[in-house]
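Below you'll find the structure, written out as structure tokens, and then a few comments.
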Amino acid sequence: MSKFLERCKGNKDSVGAYAVQCGECSKWRFIPTKEEFESIRHNFIEDPWYCNKKPGVTCDDPADLEYDNTRIWVFDKPNIPKAPPNTERMLIMRRDCSKMDAHYIMPNGKKVRSGVEVEKFLEAYPEYKGKISPSSFSFTVPKVMDERSPRKFEAKASPSSNKRLKISTKKE
DNA sequence: GCCACCGGTGGC
DNA sequence: GCCACCGGTGGC
């Protein structure tokens with residue numbers, strides 16, 4: 001048990017902040033926690049997000065942040081299942097910021113990197129069978145926007161998308 | 001010996 | 001061309 005806590009402490013993921021784009025005014029708003037972000041994300045297509053879902057906020061308020069080069073932006077796919085109870089979905093940025101890697105920390109502190117590894121985990125620890133559904137894991141990684149090519153950046157900035165993002169803390 | 005990290009690749 | 005997945009390894 002203490003092993004689990006130690007691991008978690010040192011095993012922070014690379015995301016520095018979470019934000020979501022309003023489906024009405026297209027402004028970006030911070031989402032305070034990973035848990036809340038994952039809740040918004042898991043059914044984002046059927047249930048898009050609007051400014052007024054944030055307490056005391058409307059579309060008339062200025063955006064929390066702008067989509068620009070001052071941060072490294074990383075766009076999630078919508079409708080990624082919420083991480084199962086007592087598991088945590090981790091996203092780790094590569095040193096060169098080329099891409100991220102996804103894994104989950106399981107309730108006993110073990111790490112899994114793919115659906116196959118989830119199956120192997122459930123074989124190795126059958127006490128979790130039935131409690132943890134293999135289908136609620138997603139190893140899809142977010143898309144890293146390339147800050148060195150502004151053209152690509154601007155192209156992706158057009159608000160046709162219903163995507164949302166994360167921002168890494170990576171300090172340059 | 002472990003594990004974080006990175007490179008390669010096969011399938012789409 | 002992209003990306004999910006996995007093997008190798010270097011540093012601890």
Side-chain angles (χ1 to χ4, degrees), chain A residues 1-21 31 33-35 37-46 48 67-69 71-129 131-172:
Chain A
M1 183 53 90
S2 63
K3 186 181 179 208
F4 174 63
L5 293 174
E6 280 174 21
R7 284 188 57 113
C8 279
K9 213 190 285 178
N11 212 346
K12 205 162 174 293
D13 72 13
S14 301
V15 178
Y18 301 90
V20 60
Q21 194 172 26
I31 301 300
T33 66
K34 182 177 187 172
E35 291 67 30
F37 183 81
E38 290 194 351
S39 293
I40 294 168
R41 182 178 61 193
H42 91 281
N43 60 348
F44 188 69
I45 292 174
E46 315 86 81
Y67 183 67
D68 61 22
N69 289 349
R71 308 163 186 272
I72 298 170
W73 288 67
V74 161
F75 282 77
D76 260 337
K77 301 269 191 320
N79 287 38
I80 292 175
K82 266 190 271 196
N86 303 315
T87 72
E88 186 175 7
R89 187 171 188 270
M90 310 292 292
L91 291 171
I92 309 297
M93 180 64 89
R94 298 265 176 126
R95 200 191 318 278
D96 65 356
C97 293
S98 61
K99 62 176 174 179
M100 302 191 89
D101 295 295
H103 68 265
Y104 285 80
I105 306 295
M106 298 307 235
N108 61 2
K110 298 288 180 187
K111 173 178 159 181
V112 293
R113 301 187 298 165
S114 69
V116 172
E117 289 190 8
V118 173
E119 301 290 353
K120 284 183 190 166
F121 175 88
L122 292 175
E123 291 306 315
Y125 304 95
E127 61 268 32
Y128 295 110
K129 279 191 180 176
K131 294 173 145 185
I132 293 181
S133 160
S135 64
S136 51
F137 292 81
S138 168
F139 296 89
T140 298
V141 289
K143 174 100 179 148
V144 179
M145 295 295 111
D146 188 352
E147 75 281 9
R148 289 158 306 188
S149 74
R151 213 173 301 137
K152 184 180 175 186
F153 207 84
E154 283 160 20
K156 296 283 184 174
S158 85
S160 62
S161 70
N162 53 358
K163 303 289 172 58
R164 74 183 73 74
L165 79 141
K166 309 180 171 125
I167 305 140
S168 96
T169 42
K170 206 89 172 136
K171 41 182 179 269
E172 296 293 318

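The chains referred to below are lettered A, B, ... by the order of the sequence lines, with proteins before strands, and numbering in each begins at 1.
Taking the side chain to side chain contact (heavy atoms under 4.5 Å, CB included) definition, one finds that A:S133 meets it with A:S135, A:S136, sequence neighbours left out. For A:E38, the side chain to side chain contact (heavy atoms under 4.5 Å, CB included) partners are A:K34, A:R41, A:K82, A:A83, A:R89, not counting sequence neighbours. With sequence neighbours excluded, the residues that form a side chain to side chain contact (heavy atoms under 4.5 Å, CB included) with A:E123 are A:K129. Residues satisfying the side chain to side chain contact (heavy atoms under 4.5 Å, CB included) test with A:V112, not counting sequence neighbours, are A:Y104, A:M106, A:E117, A:V118, A:F121, A:F139.
Between A:Y67 and A:W73, the two ring planes are perpendicular [angle over 60°; tilted spans 30° to 60°].
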(request) Summarise protein proximity over nucleotides 4-10 of chain C in one line of letters, 5' to 3': B for base, S for sugar-phosphate only, - for none, counting protein heavy atoms closer than 4.0 Å. (result) BBBB---
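When the C1' atom of B:dC2 is taken as reference, atom NZ of A:K111 falls 11 Å away, rounded to whole Å.
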